[in-house]
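Below is one structure; the comments refer to it alone.
Values in this document were obtained by computation on a predicted structure and should not be read as measured data. Naming: A, B, ... by sequence-line order, numbering from 1 per chain.
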Number of protein chains: 2
Amino acid sequence: MKNSQITIKDIAKELGISSSTVSRALKDHPNVSPETKKAVTDLAEKYNYQPNSIALSLRRSKSNTIGVIIPEIVHFFFSTVISGIEDIAYSAGYSVIVSQSNESYDREVMDTFALSKNRVDGILISMSRETTRYDHFETIHKRGLPIVFFDRVCDAINCSKVVVDDFDGAYQVTKHLIQQGYKRIAHLAGPESLILSKHRMDGYKKALKEHNMEFDESIILRGRAADNEMLAKELTTQLLNSDNPPDAMFAINDRAALGVMKAAKEKGLRIPQDFAIAGFSNWEFTAMTDPAITTVDQPGFKMGQEAAKLLIREIEADEDEIIEPETRILKTDLIIRGSSVVAV
Amino acid sequence: MKNSQITIKDIAKELGISSSTVSRALKDHPNVSPETKKAVTDLAEKYNYQPNSIALSLRRSKSNTIGVIIPEIVHFFFSTVISGIEDIAYSAGYSVIVSQSNESYDREVMDTFALSKNRVDGILISMSRETTRYDHFETIHKRGLPIVFFDRVCDAINCSKVVVDDFDGAYQVTKHLIQQGYKRIAHLAGPESLILSKHRMDGYKKALKEHNMEFDESIILRGRAADNEMLAKELTTQLLNSDNPPDAMFAINDRAALGVMKAAKEKGLRIPQDFAIAGFSNWEFTAMTDPAITTVDQPGFKMGQEAAKLLIREIEADEDEIIEPETRILKTDLIIRGSSVVAV
DNA sequence: ACCGTCACCGCAAACGTTTGCGGAATATGA
DNA sequence: TCATATTCCGCAAACGTTTGCGGTGACGGT
């Protein structure tokens, strides 16, 4: 009736044997007679015995739980990553506890220590946008807790990482815009605290250079517009009203791209005839706008899987065995839609 | 260096006192001299002592963890619910472990027992679409594990629930369509296994009746179209090509509404002049389509908060205290957009 | 000098499980 | 018949923490 789950002790008492024997019987240890085994397993089944995983954790000093810290669950990309993590963790016998930093550095620090206090066996992290100091990671990593970064990684910590090929993705999409005939391609950049912002910027630059187009700082939108649709819209409107406006825009992510699109529509530009738009991430809604937005697909599920695999590998490594940190780079996929080509 | 966190025993040994005293000193127990307290707390600080929560859980037979089972994390609505749950759980000192059923009954059963095995203190559930048997809930509930349902609730289990006022939301949105002058309003219904499908249908019927419009089974779309955009589109196309097509559609959710919209656009209908569309849930993308989709906002964050509060209240109730199951009904908000009115 | 009070502290059990070791009973060998 | 294996099982410690209870020493009062 109450939350009194049956324990090994109960079974032992009822059968008049010791808990040791019950424990061994349940795991089919050779040093237990078949009769005893049967008696034990029968009773265990009858009472629906479930081993107390907390006691187990204490005994083994292993919680079989991994912690995940992400900026926000409601972001489509991150929720697909979580699915990937769960997929691997679940089948390897781990529980997943997620916490979100809400893009706040302070909250991220708290989450990190909370997970450590909860004795997770390892942590998967995608940094908040605010994070520029890494002491909290350093601290728990030094303490021996395995960490794997994904997407928003931190170069200062020597551990495994999983990222997408931001450089190549940005290069491909910019090249695509160039090949479509656009002559003056602007870029809405991401926060400089994230390496991926730099990588995407570099990919953009490479494509320009390769096609003998010069990089023009005056059509680069910087600041906090990356995850603020309204701001992205405003800045784009300003840019479109300038003397020498661009005829295309590659935005660091899809949300920003949406702001860009609204600005262009409001200005009366035809998309993609007068103005082309491309984003990054392949968020769910990009297929639903009118026109649909050209973007770069990030394999979120795959990323979650890879990150979880790397982490679990490290968790389950033998004491003496040294695991070399490894960085996996996942390929992106260019998704061409109506915001950059006419007939699609 | 290794994952050897400092323990109470270590501190006790170093100070030459017993673990009992250390434990008491750390929680400012009166029976410990100020000097000892200082020595202990100083050392604890120096070594960055963190109580082992697993040992604590074992001692208290309480894990301070709550489990959440949802159909899919990637659904915008559910991810906002999780945020709400986390918000409350976090500040009450609970960890949250989420698992998704992927709309599969079998998976839901597995998840339920996995959480129970992991000794969570309580479970929050939103049922999968497939679920029609409730033995798994019954089993763990009888065992004394608190359960609270949210959104997709189960009437067969006598426990607390949190839902939105599906009936009223559907009534309001249907009434809105009627008031906009639409004469023949179709309905894309949800799976009959979910009570909310029935409630929304009833709200729809009430609005019709109130305005002397007759309920016509031939413009009710049933089946698996509710979460399948393609199917929703196909069925709508059929309906639009029938002899007496509707001039508006209230879809059970936004994804289906999107399928409806695509069908209408393909058919060449102008929205909202020739055909109006309304959805349910206020998913992120509904504001981004062209035109934006009229829908009913479900307060996901609030729902998560309420559900977590109810659960924690039950978890922390005294042994003898009897908590009466309670059903909270959250108000919805009609969001009027371009898919149902011209000038907006 | 004796007793009671008080402040402070340690012992040991408990939460549920695993596991090295030793012991008893039985079986096998010569 | 005795020595040696073999089979089966229990004891106790361990994981880290909390807590009721009892104990020690100091102190003040008579």
The bend of the helix from dA1(C)-dT30(D) to dA30(C)-dT1(D), taken between the axes of its five terminal pairs at each end and rounded to 10°, is 70°
How about K302(B): does its NZ atom have over 12 heavy atoms from other parts shown lying under 6.0 Å from it?
no
For E326(B) and S160(B), which I'm curious about, is there any donor-acceptor pair between the side chains at under 3.5 Å?
no
Evaluate whether atom NZ of K62(A) has more than 12 neighbouring non-hydrogen atoms of other residues, nucleotides or ligands under 6.0 angstrom away.
yes
Between atom NZ in K62(B) and atom P in dG16(D), what is the gap in whole Å?
22 Å
Spacing between I11(B) atom CD1 and dG16(D) atom C1', to the nearest angstrom:
12 Å
Could you state the atom-to-atom distance from CD1 of I17(B) to P of dT18(D) in whole Å?
14 Å
When you check the phosphate oxygens OP1 and OP2 of dC15(D), does a side-chain N or O of K9(B) lie under 4.0 Å from one of them?
yes
Between C1' on dA14(C) and CG on D10(A), what's the gap in Å once rounded to a whole number?
14 Å
Using a 3.5 Å distance criterion without hydrogens, assess whether the side chain of T131(B) forms a donor-acceptor pair with backbone atoms of M127(B).
no
Strictly below 4.0 Å: does S61(B) bring a side-chain N or O up to OP1 or OP2 of dG16(C)?
no
Quick check on contacts: within residues 50-58 of chain B, what sits under 4.0 Å from DNA chain C by heavy-atom distance?
L58(B)
Pair S83(A)-T80(A), side-chain donor/acceptor within less than 3.5 Å
no
Restricting to salt bridge (Lys or Arg N to Asp or Glu O under 4.0 Å), what partner residues turn up for K309(A), sequence neighbours left out?
E306(A)
Whole angstroms only, please: what is the CD1-C1' distance between I6(A) and dT17(C)?
15 Å
Interatomic distance, H29(B) NE2 vs dC8(C) C1' [rounded to whole Å]
11 Å
What I want to check is whether the side chains of S116(B) and R143(B) have a donor and an acceptor closer together than 3.5 Å.
yes
What is the distance, to the nearest angstrom, from the CG atom on D28(B) to the P atom on dC8(C)?
12 Å
Any ring-ring contact (aromatic ring centres under 6.0 Å, His included) pairs touching residues 59-114 of chain B, not counting sequence neighbours?
H75(B)-W283(B), Y105(B)-H136(B)
For dT17(D) and Y49(B) - does any side-chain N or O of the residue sit under 4.0 Å from the phosphate oxygens OP1/OP2?
yes
Using only heavy-atom distances, determine whether the side chains of Y47(B) and E14(B) contain a donor-acceptor pair under 3.5 Å.
yes
d(NZ, K13(A); C1', dG10(D)) in whole Å
16 Å
Using salt bridge (Lys or Arg N to Asp or Glu O under 4.0 Å) as the criterion, list what pairs up with R129(A), not counting sequence neighbours.
E103(A), D227(A)
Between S99(B) and E86(A), a side-chain donor and acceptor under 3.5 Å
no
Using a 4.0 Å cut-off on protein heavy atoms (strictly under), produce a 5'-to-3' string for nucleotides 19-27 of chain D with B for base contact, S for backbone-only sugar-phosphate contact, and - for none.
BB-------
